[in-house]
2 protein chains.
Amino acid sequence: MTGRPHVTLEDVARTAQVSLATASRALNGATSVGPTLRDRVLAAAEELAYTPNAHARALAGSSHQTVGVICHDVSDPYFATIARGVMRVAGENDLLVMLASTFRDPQKEIAYVSMLRAQRASAILLIGSGFEDRAWERALAAELEPYRRGGGQVAVVSRHRSLRVDSVQPDNRAGAADLARALLDLGHRRFAVLAGPRRLTTVVDRLDGFRDALADAGIALADDDVIESGFTRDGGHAAMRELLARRRDVTCVFAVTDVMAIGALTAAREAGVSVPDDISLAGFDDIPVVRDLTPALTTVALPLEQLGEQAMRLAIRDNRGKRSRVVRMPADVVVRDSVARL
Amino acid sequence: MTGRPHVTLEDVARTAQVSLATASRALNGATSVGPTLRDRVLAAAEELAYTPNAHARALAGSSHQTVGVICHDVSDPYFATIARGVMRVAGENDLLVMLASTFRDPQKEIAYVSMLRAQRASAILLIGSGFEDRAWERALAAELEPYRRGGGQVAVVSRHRSLRVDSVQPDNRAGAADLARALLDLGHRRFAVLAGPRRLTTVVDRLDGFRDALADAGIALADDDVIESGFTRDGGHAAMRELLARRRDVTCVFAVTDVMAIGALTAAREAGVSVPDDISLAGFDDIPVVRDLTPALTTVALPLEQLGEQAMRLAIRDNRGKRSRVVRMPADVVVRDSVARL
DNA sequence: CTGAAAGCGCTTACAG
DNA sequence: CTGAAAGCGCTTACAG
């Protein structure tokens, strides 16, 4: 820090000609302070443009008004929409949010938890899929454990295999199964799935739900019918290109996220393949923009903003000692124009 | 904070049987500490899962590794994309970002600056349009002034009339003018504009640029040709509905942001009006998803991620004493399928 | 290279 | 109602 030093409580106290304690009390309103002195303190603070030092406050034992939120990528509409819910609840509770983007690097996730721990964030929210990776899970737990022991709250959105913390669980598996059944009802029998990396629990859950429902109807989804690609718009685009190049007899494609479906839709258009006339397409999440696509995308709707709101509420409501809470969120199939009835 | 108290440096020092000073030095690596003692300290810290208290560090005069970022709405693709650039640079510099969403409430913007000031964030970034409002500007300046005096860095993206701080300026005016000329070249003569609230500087700049370029070509844009609406997808949707209801002879519509254009596109589709066969449509920003729309949207491309990166870089590179820096960013017209040649 | 001690800016019992 | 003083958990001259 360069420049003139900060104005401190001491400056305010001196200007108001009161003790440090009185200045502190007057500013915090809590304990009673005589009106004369209080006004003098307030006036002095105003005049000096005083702002309390949050670090000193936190150290001295007052409240930590910050929470940490870790997501994979803020610019992904899925996270951006969840983040909106998080920010709203945070704002309502006068909390400051420290938001970190891991850019899907598991190591960064752990590094950020560590930083947030150092900041003594009162809560840490992990938004987004966990990784199916034992070593990573252990390392994450090793950071989270002492954090919680020190009184920190932890809440996650999506499934993290071995983390015993409060969580908001979108019903990925059931939603994908419902989608499969809806598509079967429309007459589809030959499917392909555009999937993200299988180390992501979300991918695994959706894929399993979809596959199992098909199996229940006597339809097998071969490994070959699942194209694994990046968990992004470009990943979906590439996967769809690959699928179309193979020229298979697929009538319906399920992209495990809307973002991938968006890329897939454009890939189809570029290849001169009409959706849904030549091939049907469905996604998952119901991010805001999918109803503005042409055709509007059939998908499994998750109440994204609520996911964020709920996670934040879990983190705010202390839950010491009790066992971890789980808030399940519904996943509802929304049929739009991107799927055809056969 | 409930639960067991945090592990402190003192615990580490005791465990390692060294002084507080030595433990501190060993952990920070800076000053030299004998290898034996250093190893003992590191082992103790590891064993106790020690994490330094960032508040104590900040108070004691070490570095503040946090920066504050204030935007209107994280879930808006425009901000989300800019935020991506911000997060990347922050990550590269081991900075933690405190992100606040004002939800377009000017008062909240000021309140957040105040909170960030209290946190002693080393820099504050204001992302997004300023408001054309004298009282608000004064109040904002009243927070920012003492912050900067105390050594805080400030950088903004977009124009803020009276804030004399470092800024990243997308060329809204010139970009809109270029767009107007491109549309004129395609043969359009009757235009309408779907605008956001005029108290936003971004709206004013784009509108003025567009209008002036038309005027230069001898075409007047009547007040009546400008429909003011919300700065959102739904705002664009409503504005387009209104325009179509008026059944005017407009051949081309300019929505001042892509997000509004997306809503407008759907409104047209719902009304059975074909874009671009019946009416042409253009946006501004080039958020990622617009190339995936049908038709792909003609727009004015802003290097959004770079906007965020540059702002963060300005904030990181100290600029004490020198006058405020301005980084201009190009705005390039990208013609896609949503506009027809007449 | 190592340690004792002051100080960062607050809050909060503890007295009065 | 008000004040003197201890303490939060670190860092960093200052001595040795």
Side-chain angles (χ1 to χ4, degrees), chain A residues 1-42 44-45 48-65 117-120 122 146 150-151, chain B residues 1-42 44-45 48-65 117-120 122 146 150-151:
Chain A
M1 285 270 173
T2 47
R4 202 180 318 185
H6 280 283
V7 174
T8 70
L9 224 211
E10 177 139 27
D11 298 322
V12 174
R14 192 183 320 113
T15 302
Q17 304 188 65
V18 298
S19 72
L20 254 183
T22 297
S24 174
R25 287 178 191 125
L27 256 16
N28 293 314
T31 331
S32 49
V33 173
T36 321
L37 293 193
R38 194 194 51 222
D39 290 350
R40 239 156 63 196
V41 171
L42 262 31
L48 300 175
Y50 169 73
T51 298
N53 183 322
H55 296 302
R57 270 198 164 158
L59 236 203
S62 178
S63 63
H64 306 224
Q65 50 184 353
R117 187 147 88 88
Q119 296 291 332
R120 297 296 186 268
S122 60
Chain B
M1 285 271 173
T2 46
R4 201 179 317 185
H6 281 282
V7 174
T8 70
L9 224 210
E10 178 138 25
D11 297 322
V12 175
R14 192 182 320 112
T15 302
Q17 305 188 65
V18 299
S19 71
L20 254 183
T22 298
S24 174
R25 288 179 190 122
L27 255 17
N28 292 312
T31 330
S32 47
V33 173
T36 322
L37 293 192
R38 195 194 51 221
D39 290 350
R40 239 158 61 199
V41 172
L42 263 30
L48 300 174
Y50 168 72
T51 297
N53 182 322
H55 295 302
R57 269 195 163 161
L59 236 204
S62 179
S63 63
H64 308 223
Q65 49 184 355
R117 189 146 89 87
Q119 296 292 333
R120 298 298 186 266
S122 61

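The figures here come from the full heavy-atom set of this structure, side chains too, leaving out hydrogens, waters and symmetry mates. Convention: sequence-line order gives letters A, B, ...; per-chain numbering from 1.
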Verify the contact: side-chain N or O of B:Asn28 to OP1 or OP2 of D:dT11, cut-off strictly under 4.0 Å; return yes or no.
yes
Indicate whether OP1 or OP2 belonging to D:dT11 is found under 4.0 Å from a side-chain N or O atom of B:Ser24.
yes
Stepwise side chain to side chain donor-acceptor pair (under 3.5 Å) test for B:Arg57 and B:Asn28
CA-CA 11 Å; B:Arg57 269 195 163 161; B:Asn28 292 312; 2.6 Å; yes
Rounded to whole angstrom units, what separation is found between the NE2 atom of A:His6 and the C1' atom of C:dG7?
17 Å
For DNA chain C, what is the dot-bracket line, given that a base pair needs Watson-Crick (N1 to N3, plus N6-O4 or O6-N4) or G-U wobble (N1-O2 and O6-N3) geometry with both distances under 3.5 Å, and | means paired with another strand?
|||.||||||||.|||
So, does A:Thr8 get its side chain near the phosphate of C:dG9, meaning an N or O under 4.0 Å from OP1 or OP2?
no
Expressed in whole Å, how much space separates the P atoms belonging to C:dA6 and C:dT2?
23 Å
Assign each of A:Leu20 and A:Gly34 to its nearest nucleotide of DNA chain D by heavy atoms, then name whichever residue's nucleotide is nearer the 5' end.
A:Gly34
Once you round it to whole Å, what is the distance between P of D:dC10 and CG of A:Asn53?
16 Å
Has A:Thr22 got a side-chain N or O lying under 4.0 Å from the OP1 or OP2 atom of D:dT2?
no
What distance, rounded to whole Å, do you find between the two C1' atoms, one in D:dT12 and one in D:dG16?
16 Å
Side chain of A:Arg25, base of D:dG3: donor and acceptor closer than 3.5 Å?
yes
Take atom CZ of B:Arg57 and atom P of D:dC8, then tell me their distance rounded to the nearest Å.
19 Å
Spell out, as yes or no, whether a donor-acceptor pair under 3.5 Å connects the side chain of A:Asp39 to the backbone of A:Thr36.
no
To the nearest angstrom, the NE2-C1' distance between B:His55 and D:dG9 comes to 11 Å
